[in-house]
Amino acid sequence: MAKVIFHIDLNAFFANAEILLNPSLKGKPIAVSGNTRRSVISTCSYEARKYGVKSAMSVQEAQKICKDLIIVNANYNFYKELSNKFINIIKKYSMKLEQASIDECYVDVTEKIMTYNKPLDMAIELQKEILNEVKVPCSIGIAPNKFLAKMASDLKKPMGITVIRLKEIQTKLWPLDIKEMRGVGSKTVLLLRKLNINTIGDLANYKNKEELKNIFGKYFETIIDKANGKDDSEIVLEYDTKSISNSTTFLEDIVDYTEIKGILLSLSRTVSRRLKKENKIGYIVNLVIKYFDFNQVVRSRKLEIPIYSENDIMEHVMELFDENWDEIPIRLLGVGISKLIDSDLYYPQLNLFDEIDNKTDDLINSLNKNYNLNLKRASNLLKKR
């Protein structure tokens, strides 16, 4: 039986939260500022979006294109309160839930939805309850995997309910502009357009795979799979309390990709050192991105084989980052490994081309020493005979 995944997204969350605090703002073009030195827009109402105002745009630029734009200061404690109400409502329907950020989540409703006469009845009921209790509209995407569910929820806002079935990939996913594809950043979009790849369907059906490999590198297969509606990422129910992580907060928000990559490498190296020191390896890689507006994105990946080395950690962290960063200014980055076990409890087959640490060196030297000692003893016995 195929899974049924909901992606639920609170529409223009910060802006709608501000309208709850000040109903006179309803129907007006408003934008929420993150109160940073950069003076940028955190989010804005749909009325403001009609003028072209969007997240991460400078306040000055936003006011130029929308003369009547109303700038309001962010009330993050209130946003968190509403977010908690939102998540608690979802938990009444299913505990198989992954909170992706303050205003969105994935939830596996495969079992629960079978109790409804019509599958869409559950989505309608849930959407109404969120609106009544949280007082904020939401969009729901329904699909057999997380990627398609996220793409579906983006198709109809506000208060939309959209289903994408695997048999509908060609009609609902492929016609979308390539810039709409989750995991494809704006810089990559420019490279793809040079190859005349303008839609997700163009990417899914592009014949010259080598050209695509040059653009996506080792993420090539993952991106092509998603363009074809395939995604095997699991919903991460909760983070193991036994974890090792490290994070850093910046004095100024950063957007430079090279700088970000260097910081993630440093964090991965620190986590790796701590894992080695505590003789641990882990099955889950965690990445935390906190944006300039304090909106936080947490992404995780479950692994079949536990890891500890900085190279392995960095590889998975960069994949998670590239799939989820929309080139929005970042205030904090965090890297962690969870679901830990003692490394002594796991004995993977040695690969001569893998990194061999000091512990493995000692083990090999000990085996060689015992082998040579036994060989010497056997030789002495033969001589006595």
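One-based numbering along the sequence shown.
- Under the 3.5 Å distance criterion, the side-chain polar atoms of Lys85 are left unmatched by any main-chain donor or acceptor of Ile130.
- Looking at Ser33, its side chain never comes within 3.5 Å of a backbone N or O of Asn73 through a donor-acceptor pair.
- The main-chain N or O of Gly229 is found under 3.5 Å from a side-chain atom of Asn145 such that the two form a donor-acceptor pair.
- Side-chain contact of Asn196 with Tyr206: a donor-acceptor pair under 3.5 Å is absent, judged by distance alone.
- At a threshold of 4.5 Å between non-hydrogen side-chain atoms, the residues Phe250 and Leu333 count as touching.
- A donor-acceptor contact closer than 3.5 angstrom is absent between the side chains of Ser309 and Asn311.
- Using a 4.5 Å cut-off between side-chain heavy atoms of Ile, Leu, Val, Met, Phe, Trp and Tyr, with links allowed through other members, Leu191 and Leu195 fall into the same hydrophobic cluster.
- Listed for the Asp225 side chain is no donor-acceptor partner under 3.5 Å among the backbone atoms of Thr222.
- Under the 4.0 Å criterion applied to side-chain N and carboxylate O atoms, Arg331 and Asp253 are assigned as salt-bridge partners.
- Here Asp342 pairs with Lys280 in a salt bridge; the nearest charged N to carboxylate O distance falls below 4.0 Å.
- Between Leu203 and Ile223, the closest side-chain pair of non-hydrogen atoms falls below 4.5 Å.
- A donor-acceptor pair shorter than 3.5 Å can be found between the side chains of Ser83 and Gln99.
- Side-chain atoms of Arg274 and Asn246 form no donor-acceptor pair, as typed in the model, at a separation below 3.5 Å.
- Both Leu120 and Val107 are part of a single hydrophobic cluster, where members link through side-chain heavy atoms under 4.5 Å apart.
- The residues Glu310 and Arg273 are annotated as not salt-bridged, no charged nitrogen and carboxylate oxygen being separated by less than 4.0 angstrom.
- Remark: side-chain polar atoms of Trp174 are paired, donor with acceptor, to backbone N or O of Ala227 under 3.5 angstrom.
- Of all heavy-atom pairs spanning Leu173 and Leu148, the tightest one is CD2-CD2, 3.9 Å.
- Side-chain contact between Ser268 and Val271 is absent, with no heavy-atom pair separated by less than 4.5 Å.
- Clustering ILVMFWY residues whenever any of their side-chain heavy atoms sit less than 4.5 angstrom apart, transitively, puts Leu190 in a cluster other than the one holding Phe216.
- Side-chain atoms of Asn228 never come within 3.5 Å of backbone atoms of Lys230 as a donor-acceptor pair (strictly under, hydrogens ignored).
- Remark: Lys213 engages Glu210 in a salt bridge, criterion side-chain N to carboxylate O under 4.0 Å.
- With respect to Glu315 and Arg301, no salt bridge is recorded, no charged nitrogen being found less than 4.0 Å from a carboxylate O.
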Step by step, would you call Leu275 with Ile281 a side-chain contact (heavy atoms from CB on, under 4.5 Å)?
CA-CA 6 Å; Leu275 286 166; Ile281 51 180; over 6 Å; no
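- The hydrophobic cluster containing Phe78 also contains Ile70, counting ILVMFWY residues as joined when their side-chain heavy atoms lie under 4.5 angstrom apart, directly or transitively.
- Sparse packing is recorded around CG of Asn77, with 12 or fewer heavy atoms of other residues, nucleotides or ligands lying under 6.0 Å away.
- Heavy atoms of other residues, nucleotides or ligands lying less than 6.0 angstrom from CD of Glu221 number 12 at most.
- Although no hydrogens or angles enter the test, the distance criterion places a donor-acceptor pair under 3.5 Å between the side chain of Arg299 and the main chain of Ala100.
- When each of Lys150, Arg182, Lys226 is tested with Glu323 by the rule salt bridge (Lys or Arg N to Asp or Glu O under 4.0 Å), just one qualifies, namely Lys226.
- Considering only heavy atoms from C-beta on, Tyr46 comes within 4.5 Å of Lys157 through its side chain.
- A side-chain donor-acceptor contact under 3.5 Å links Gln127 to the backbone of Cys138.
- For Lys64, the NZ atom sits in a loose shell: 12 or fewer heavy atoms of surrounding residues, nucleotides or ligands are nearer than 6.0 Å.
- A donor-acceptor pair shorter than 3.5 Å can be found between the side chains of Tyr93 and Glu129.
- Shortest non-hydrogen contact noted between Asp177 and Ile200 is O-CG1, 4.1 Å.
- Atom NZ of Lys302 has more than 12 heavy atoms from other residues, nucleotides or ligands within 6.0 Å.
- A salt bridge does not link Lys156 to Asp9: none of the charged nitrogens lies less than 4.0 Å from a carboxylate oxygen.
- Between the side chain of Asn286 and the backbone N or O of Val298 there is no donor-acceptor pair closer than 3.5 Å.
- Taking CD from Glu98 and OG from Ser300, the interatomic distance works out to 6.5 Å, rounded to the nearest 0.5 Å.
- The two atoms that bring Ile113 and Pro119 nearest to each other are CD1-O, 3.4 Å, heavy atoms only.
- Salt bridge Glu327/Lys187: absent, no basic N to carboxylate O contact under 4.0 Å.
- Between Glu168 and Arg165 there is a salt bridge, with a side-chain nitrogen of the basic residue lying less than 4.0 Å from a carboxylate oxygen of the acidic one.
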Exercise for review: Evaluate the side-chain contact (heavy atoms from CB on, under 4.5 Å) criterion for residues Leu176 and Leu155: first the C-alpha distance (whole Å), next the side-chain angles of each, then the deciding distance (0.1 Å), finally the verdict.
Suggested key: CA-CA 9 Å; Leu176 298 178; Leu155 291 180; 3.6 Å; yes
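- Using a 4.0 Å cut-off between a side-chain N of Lys or Arg and a carboxylate O of Asp or Glu, Glu234 and Lys146 do not qualify as a salt bridge.
- A donor-acceptor contact shorter than 3.5 Å links the side chain of Arg49 to the backbone of Cys44.
- For an aromatic pair to be called close, the ring centres must be under 6.0 Å apart, and Tyr79 with Phe14 satisfies this.
- Taken together through direct or relayed side-chain contacts under 4.5 Å among Ile, Leu, Val, Met, Phe, Trp and Tyr, Ile124 and Leu126 form part of one hydrophobic cluster.
- Using a 4.5 Å heavy-atom cutoff, the side chains of Ile41 and Lys54 are not in contact.
- Scanning all heavy atoms of the two residues, the minimum distance from Ala15 to Ser45 falls at CB-N, 3.7 Å.
- Grouped with Leu131 in one hydrophobic cluster are Met159, the linkage being side-chain heavy-atom contacts under 4.5 Å among Ile, Leu, Val, Met, Phe, Trp and Tyr residues.
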